[in-house]
Structure formats: structure tokens, C-alpha cells
4 protein chains.
Amino acid sequence: MSDQAKIVTGLGKAELHRILVRGYDLTEELLGKITFSQMTCLMLLGRLPTAGETRMTDALLTILVEHGLVSSAVAARLTYHTAPEAIQGAVAAAILGAGSVHLGSSEWSAKMLVEALPRETKEADLDAIAASVVTRYAERKQRLPGIGHRTHAEGDPRADKLFQIARESQVYGRYCDLLQRIAGTAEKRHGRRLPVNVTGAIAATALDMGVPWQITKAFAMIGRTLGAIAHISEEMRNPMARNIDAAIKSALVYELDEKK
Amino acid sequence: MSDQAKIVTGLGKAELHRILVRGYDLTEELLGKITFSQMTCLMLLGRLPTAGETRMTDALLTILVEHGLVSSAVAARLTYHTAPEAIQGAVAAAILGAGSVHLGSSEWSAKMLVEALPRETKEADLDAIAASVVTRYAERKQRLPGIGHRTHAEGDPRADKLFQIARESQVYGRYCDLLQRIAGTAEKRHGRRLPVNVTGAIAATALDMGVPWQITKAFAMIGRTLGAIAHISEEMRNPMARNIDAAIKSALVYELDEKK
Amino acid sequence: MSDQAKIVTGLGKAELHRILVRGYDLTEELLGKITFSQMTCLMLLGRLPTAGETRMTDALLTILVEHGLVSSAVAARLTYHTAPEAIQGAVAAAILGAGSVHLGSSEWSAKMLVEALPRETKEADLDAIAASVVTRYAERKQRLPGIGHRTHAEGDPRADKLFQIARESQVYGRYCDLLQRIAGTAEKRHGRRLPVNVTGAIAATALDMGVPWQITKAFAMIGRTLGAIAHISEEMRNPMARNIDAAIKSALVYELDEKK
Amino acid sequence: MSDQAKIVTGLGKAELHRILVRGYDLTEELLGKITFSQMTCLMLLGRLPTAGETRMTDALLTILVEHGLVSSAVAARLTYHTAPEAIQGAVAAAILGAGSVHLGSSEWSAKMLVEALPRETKEADLDAIAASVVTRYAERKQRLPGIGHRTHAEGDPRADKLFQIARESQVYGRYCDLLQRIAGTAEKRHGRRLPVNVTGAIAATALDMGVPWQITKAFAMIGRTLGAIAHISEEMRNPMARNIDAAIKSALVYELDEKK
């Protein structure tokens, strides 16, 4: 087989008597010594995190685990109800909802930030960049991703908390700073409260730790995997799928077309 | 709507200004204060864990994250390659492999243990139970789930490590004990090394923390969600899907049927 | 690479200028000449079907396409709503519900029939087999899969229709016959109407065409793929996901645990 | 519940004794009387098709069923191997690859056509539209979706076949015409063969039947559902997953990072 056809990975290697993860011996050096949040950084950043980054990662993994009976929990429960032989299928159904609208929307905020301020940029005038971003989005009549909230006009307490943890843990860097300046500029420009929302705060803090913008929704997907399993486990003990069906049926109206 | 049709959940509640998770205020009481492994216990056990259980949970979440280019990583990479617009789809493809054969097989070991020793049992003669389990499986000519390993005749170092952590963290209880007695009894009965494998160790330690047997593969699914994202992220930087296709093609033989 | 490592397939071969499907040239011999139901038989049975089998297959593929706003349609719509960038994800969410309880339950009926009457059996006394099946399930206190219906005590008109088509199309064979005798025997034994239901009729007619019992839910999965796409397409034109959320919320009760 | 919260569907209605599909009684009017391709049109177009449209739909559903051991078949086989308890999971893994790059790419071609020639346009100068499309894509340095092929410089025989069937069946309309004019214009402009490929032909013929551009990959997803089931069924009889693993391993190189 020629060299071009080689399949190269730098993540891990399973040998007969040991497993290497980014150069560390899993059993000897990692198990029992690191937390899952440290493992998350090792896998996604290629390095073990600082204590501050570890605390930040724990917050990012925790924040989107549970939000009541949202769409992904409903999908997990309904799928489990009809396919109880395979809870991985019900978990997958929940994960599939982590798209561009709700769970995965931090991606768009992170992309905006990295496009406005590429990682390799040395010196940057954050106020000027913020002003230019706000202008560009206003011209295109686009909503600023990660900013503003339908129901939390006064600010999303979860976003504030993430920024607080970011500051306490020395993670707060220029992407957090830039996003807050964008929000501030937009507020002045549009004359109304436009606070950073939880989506934006996840994006900015993840970027400041070095997470690529394309995978800032990693934390949400891991968190929702846990959330989905918890809903499936509750559904096992206390089945609600039929009641969900009944609630939907009670609001259902058929508007069948005439035959054509 | 009648009372029967109510949809009841005890996991969480999203209010306008706060989110409750099993009675805790997410922003005020959990974020920045607990680790993701503690959140995992809160969701799956309904209570915050001890320090020992937290360390155990971190080990359980970490142990199956990365194992080289296994099936689930291949599925994630191939799916990402043809559907890069939706990394949640590639993650879901990886999760779907967490079935009864590889990733999810701790379920069968856990089921065996709970059926042999129901949780409500007060006093139990573990040696007698172990003997009866080994006899029953031998009669049915069934392999003991969680015991023995094709390639690790001398014992899987990951299993030993999990038991070590379980002892150090006071998690080691009667399910760990029972599984090791079953392995010991089977070794004597069959006259060859039959150590507990990693699947069995995950099952027994999870049971000793109080995880229901039906969801002992939770840790593997959460870990593999992280692993899949890491492989997708590497695939973004260094695409290997075409090389995977080429490697498969190089071994491919068509044995087309005659037309019928 | 050694012979053992060869990957063998008899399904199809993509060459530079032609694609072979089970020995047929796709462009020259199949496209424009066969229906999708004939292609279904070619893929699953390894041969082109008779005219009768084609009609039967069309009925099997059509029967489970649409059933109102069932779980799989709800999962598809909710997933599309939060992840509109990838309709394949919403379709996958719908497919994942094709499990052992609802959509995929024909599998259990088919398994019962093949275990009672293996394909290689030459001569068989169907009445004796039916009696023995009914006895065995009664002893184990198991429900006969594919027989009886919660809401259609008088018989499911869809099952009757499938048997009618099977007879008209010469597909009706000993598996259909056996299942109807099992139902008849059970009715006499238990003294109440126990008609074959749609699940059972799908299983029996598929078996009589030669479909392996393990994949008798193929027809349901293909049909539901179409059904899911139709629901997603309607959701694009007339979004209902928020209303589904609202209907669920209106029935929701939180019973948060006390803190522990 | 207020009127806004009503959930409206025009697709189907499951009553106690009958199922209505777009106004037709499933058992009385559809089963045994229509083909699955006619059902596909009824669901996606809201009307029963002409004989020509039926033949076209059968070709569109058939054309992408089988293409050898492509990514989606590999994903299905690997997933089945580790999770044999749930073939719907393996089918879902295959479907998840129907994304923007391979299987689902007809979407982009269809979008280009509808944006250039909105459905409501009465009279249109197709040559002028084609010229403007080619110019716009050249200016943006974008590849024309649905045109050109890496390996079929002389034209993809499957595309030619679809257009032939479209002509014979009176489906060929202005979207087919426009796409072929775009290809012709691009060939002259760029001085090399740029034939319509199979993706483009699917998009154009589907549009000419009235399929919304957003769901032109419906045919591919339905076809691949069948293809995936056939691969899973072959995998059951003749397991190849370990050989696929071995082929990948034989090309694998670990380039572990230094510890950091």
C-alpha cells in the first residue's frame, strides 16, 4: 500500500497491553488521576488543562445537561418507548437535535468571533473590531449570534455565571472580551438591552481555551448525552411516552386535502 | 386533560429566571461548584456523590473515550466526510455502535450480577451465589459476561485499575466482590485463567455506586461521544476518510451472483 | 493481505463505466425497466420477483408509510426544527424508533413462524404445529406475536387486505397459512376473537416470499423513511414543532426530588 | 388550549377502523392498487402521479440503492456488528451519511435551478438564465453543482439514462432543459467537457415533477435505506466487519503527539 493511503491518527493507540492517549498511558497515567473534564481537554486541545481550564470545562459540560422536557428529551423518550432494546438509539435521536438552531448554535457565535479576530492575530483593537462586526451584521440585517434573548431581556444568568467562572479561572481572554464589546456596541447602536446569551458565552469561553470554533458544540453534545440517558432511565421507571402521545393528540387537527 | 395524561418528570425544570436540576438551582448551586462527574451522579443516581464516588465516576467516564481507530471512530469519520454540515450526525453514528457486542456489553454483566444478588437482599452468602452462577452458565453453555478476555489471558490491566480505584475510593462493595468471586470460582472450575475484564469491572463498580443495571453503559456512551468529537475534529484538520475508503477497497472482492 | 482478510460482497460493484447490481447492469438492464419494489426484491431476495410478488411488495412497502402524527413523525419534526441543516438527521431519528415494540415487531412474529416451521422442512402438519405453538406460548404466558389487537377486536382491516393480496398474487403460502391456523387455534383455546394483526400479516407474507425473518421489518423502515420525509417537508411549509412543544408543556408536571 | 397551539397535518389520519392518507382510504383505495413509487408521489407531491411520473419515480428511487461498499454501507455493517440487537440503528448510521457531499448533493443543484428559475416564473429565456448562472458561479469561483464529474469526463451514463427516461415519460421540463443548457454554456465557456452528472439529473427531473428542492434527496435516502438493509442482511449471512477492521488496521499509522 502506498504512502498516500496510510491512515494517520494522533489521538490514541490500542496496543496489546496498554492504551496510549495522546502519548499518555491510559491505565498508568490517566485513570484515577484525571477528571473527565481533563480528559475532555486532552482529547480536544491535545494537552492537559490548567486547574482554571478544568473548572471552566466542568461548567461548560454541566450547563446544558438538563433543561426540562425539551425536544431532545422528548425524542429520546419516544424512541426508547418503541425501541427499548437499544438505548443507544434513543440517545442518538436526542443527539441528532443538536443542530444549528438550539443546542448547536454556539458554533455560529464562535465562527463570527474567529472570523473577526483570527487566532494568529497578534495585536488587535477590540473596540474597532466590535464596531465593524456590529455594522456588518446590521447591514446584512442579520441577528448577532450569541447576543440577545427572547425571554431574558435583562440578561441570561447562565451567561453571566460562565463569564464569572471564566474570570475567576483565568480563562477569560480576548474572545470573551470581544463578544462582550460586540454586545455593548450593539446595545448602544440599537438602543436596547442586548446581553450575551448562554450560547455566546459558551462559544467565547471555549474559544479562549483554544477549542476550534467548529467543535464548540462538543460540550453541549456530551452534556446532552448524559441528559438523554437520565431521561431514558426515568422513562424506564416511570413511562411517560403514552402521555406525551396523548398530549400531542389532544392538540391535533387533520386538514386532509381533498383527493386530487 | 385528565390526571392520567399528565407528563411527570423529576429531573429538571426550566423556569423563566432559573433552571432547577433535581431541586438544585443550576446557576447558583451547581455551575462552578461541581464537576461533570458529580453532575453525572446527580442525574443518574438522584444525589450528589461522595468524593470517592466522584473519583470512580471520572475513571468510568474516561476509560472508554479512546481506543484507536475502532468501528465507532470509523463510522464517525466516514459520516462526517459525506455530511460535514452536521457533526451531530457523525457523533450519532458513533453512538449507534454502543450495542450489545462491544461498547454496551457491560449491561449483560450487570444484569447477571443483579439477578444473582437483587439489590433488596439483606444478607448474602457471596460464595454460594458465585458457585450457583457459574454452574448455571456452565449448564447453559453460556459465556460469563464480564469475565475472560481473548487477548488478555493474564488479566486486563484496565479492569485491575478500576478495582484498585474502587477500593481506594470506598466504592468497592458486594457487586465487585461477587464478580471477583464468580471469576475465581470459574477459574477453579475450568482450570484456566478467567480474570474479570474491563466490561465486568465497569458493570460491578457502577452497580456498587447504585447505577441501575439497564444504564451501566451510560459511561461508555458519554465517553464515546467525546471520543467521536475528537476524531471528527482530527478529521477536519487531517482528512482520512478517503484513505479509509482506499484501504477497504484494497481488500474488496466482488462475488456477484449469476443473474437469476 | 491474506485471504482471510478479504472483504467479500455479492450485492454490487461500482466500476468506472457501469454499476453492477447482483449481476445486472444498473443503467442498461434495470433503470427505466423495473419498479422500486422489484429492486427491493432483487436486493433482499437476490432475484427479480414475479408479478405477484411485485404487487405484494408494493403493498408491504406502502402499508406503514403514514399513520398520522405517531412517535417517529414527532421525532422527525422536532429534530428537523432544531437541526434544519441536515434532514438526514431528522429521518434517522424517525428510523431509530423502528424497534421491537411498534414498527419492528413483525420480527417476533416472523421468528415464531420460522422456529415452528423451519424453511428446510419438506412436509409439515400445519394444524399440529399451530397447536404446539399455541400451547407453548400459553405455558410461558407469552402473548402470540402478530395475533390480537387492542383496538381492532373484530380484526385489523389492513391484515385482511394483505392476506387478500397475498392470495390474489400467489404469494400466500405455508407461513400465511400457519399464522392463520395459529390464530384460529388460539381463538378456540381462549374463547375470544384473536385475529392476525397487521404485524403478523407483514411477517407471514414476507416469509412466504423468502425474506429472512431477521429483516422482515425492512418494508416498515423503507416506508417510514418516506413517511418521515413527508412530515419534514410539511414541517418546512407549515412549522408545528413549537405547537408540539406547547402541547407537551401544557401536560407537564415537575415532581422535583428533595435535595439529598 | 388556544387555537395557535393546534397541531395541523394534512398528510394522514389514523382512525379506529381506517387510515386516511391525503384523503384516500389506505386499505380500500391504495393497498394492492398503487405501487410504492405512486405512494411516494402521493406523499411528497400531494397527488397521485401520471404513468410517466411513476416510471420516473421508480428510476429515481432505484438509481442510488447500491454502489458497492461505499461509506454508508461500511457504517451500516460496522454498526450492525457491534449492535446487532437493533438493525434500525445500523440503517440510521447509513442514512446519516446522506449529507451535502455525496448522497445529498442533489439539493445544491436543485437549489441553484430554483433560484435561477423560480417556480412561479411564467415565461423564461432559458439561454439567458443559463448564461447568467454560469457567469455568477465563475465570478464566485464556485463549482456548478450537478455538473462535471471527476471520473466520467465523457458523461455519466446514469445521468443520460435519467434524461432519456424523463423524455420518454413526459417528465422532461424546463428544469431539465435549463440544467442541460447550463452544462452546455459552461462547456463552451471553459473549453472542456462538463456533462450533467447523476446528482444534477436527479435534481432536475425531481424538480420537473414538482418536488420541492429542499427534499430532492428523498429518493436517495429511501434508496439507501433499502441498500443499507441489504448490506446488513448480507453481513448477517457472511460477516465482514472484522475484515473491514483488519483492512483499516493494515493501513494505520499512529503519530502520537509528544506529551505536553
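Small disclaimer: the values here were computed from a predicted structure and weren't measured. Residue numbering restarts at 1 for every chain, and letters A, B, ... go by the order of the sequence lines.
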Which is it for D:Val21 and C:Val65 under the side-chain contact (heavy atoms from CB on, under 4.5 Å) test, yes or no, and what are the steps along the way? CA-CA 9 Å; D:Val21 179; C:Val65 168; over 6 Å; no
Working for side chain to side chain donor-acceptor pair (under 3.5 Å), residues C:Ser72 and C:Arg224: CA-CA 8 Å; C:Ser72 62; C:Arg224 276 293 156 95; 3.1 Å; yes
Please test C:Gln38 against C:Lys33 for side chain to side chain donor-acceptor pair (under 3.5 Å), starting from the C-alpha separation and ending with a verdict. CA-CA 10 Å; C:Gln38 290 175 294; C:Lys33 291 180 177 141; over 6 Å; no
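Without hydrogens or angle criteria, D:Thr216 side chain to D:Trp213 main chain gives a donor-acceptor distance under 3.5 Å.
If you tally non-hydrogen atom pairs under 4.5 Å between each of D:Asp160, D:Leu61, D:Val70 and chain C, the highest count goes to D:Leu61. Options D:Ala93, D:Gly68, D:Ala230 differ in how many heavy-atom pairs under 4.5 Å they form with chain C, and the most are formed by D:Ala230. Among C:Met221, C:Glu28, C:Glu107, the residue making the largest number of heavy-atom pairs under 4.5 Å with chain D is C:Met221. Contacts with chain D were tallied for C:Ile87, C:Thr35, C:Leu11; C:Leu11 has the most, counting heavy-atom pairs under 4.5 Å. Of the listed residues (D:Asn238, D:Ile95, D:Thr57, D:Leu60), the greatest number of heavy-atom pairs within a distance under 4.5 Å of chain C belongs to D:Ile95. Contact tally against chain C (heavy-atom pairs below 4.5 Å) for D:Ile232, D:Ile63, D:Ile34: the top residue is D:Ile63.
Both the backbone and the side chain of C:Leu226 have a heavy atom closer than 4.5 Å to some heavy atom of chain D. The contact between D:Glu66 and chain C is made by backbone and side chain atoms together, counting heavy-atom distances below 4.5 Å. For a residue to count as touching a neighbouring chain, one of its non-hydrogen atoms must lie under 4.5 Å from one of that chain's; by this rule C:Arg237 touches chain D with the side chain only. Only the side chain of C:Met236 comes within contact range of chain D, with heavy atoms under 4.5 Å apart. Heavy atoms of C:Leu26 lying under 4.5 Å from chain D belong exclusively to its side chain. Contacts of C:Ile222 with chain D are made by both backbone and side-chain atoms, with heavy-atom separations under 4.5 Å. Using a 4.5 Å cut-off between heavy atoms, C:Ala98 contacts chain D through both its backbone and its side chain.
Looking only at side-chain heavy atoms (C-beta outward), D:Val91 and C:Lys217 stay at 4.5 Å or farther from each other. Side chains of C:Thr82 and C:Leu78 form no contact here, defined as non-hydrogen atoms less than 4.5 Å apart. Two residues are said to be in side-chain contact when any heavy atoms from C-beta on lie closer than 4.5 Å; D:Arg158 and C:Ile19 meet this criterion.
Nearest heavy atom pair, residue D:Ile165 against residue D:Ala59, reads CD1-CB, 3.8 Å.
Once rounded to the nearest 0.5 Å, the distance linking CD of C:Glu234 with CG of C:Leu69 reads 8.5 Å.
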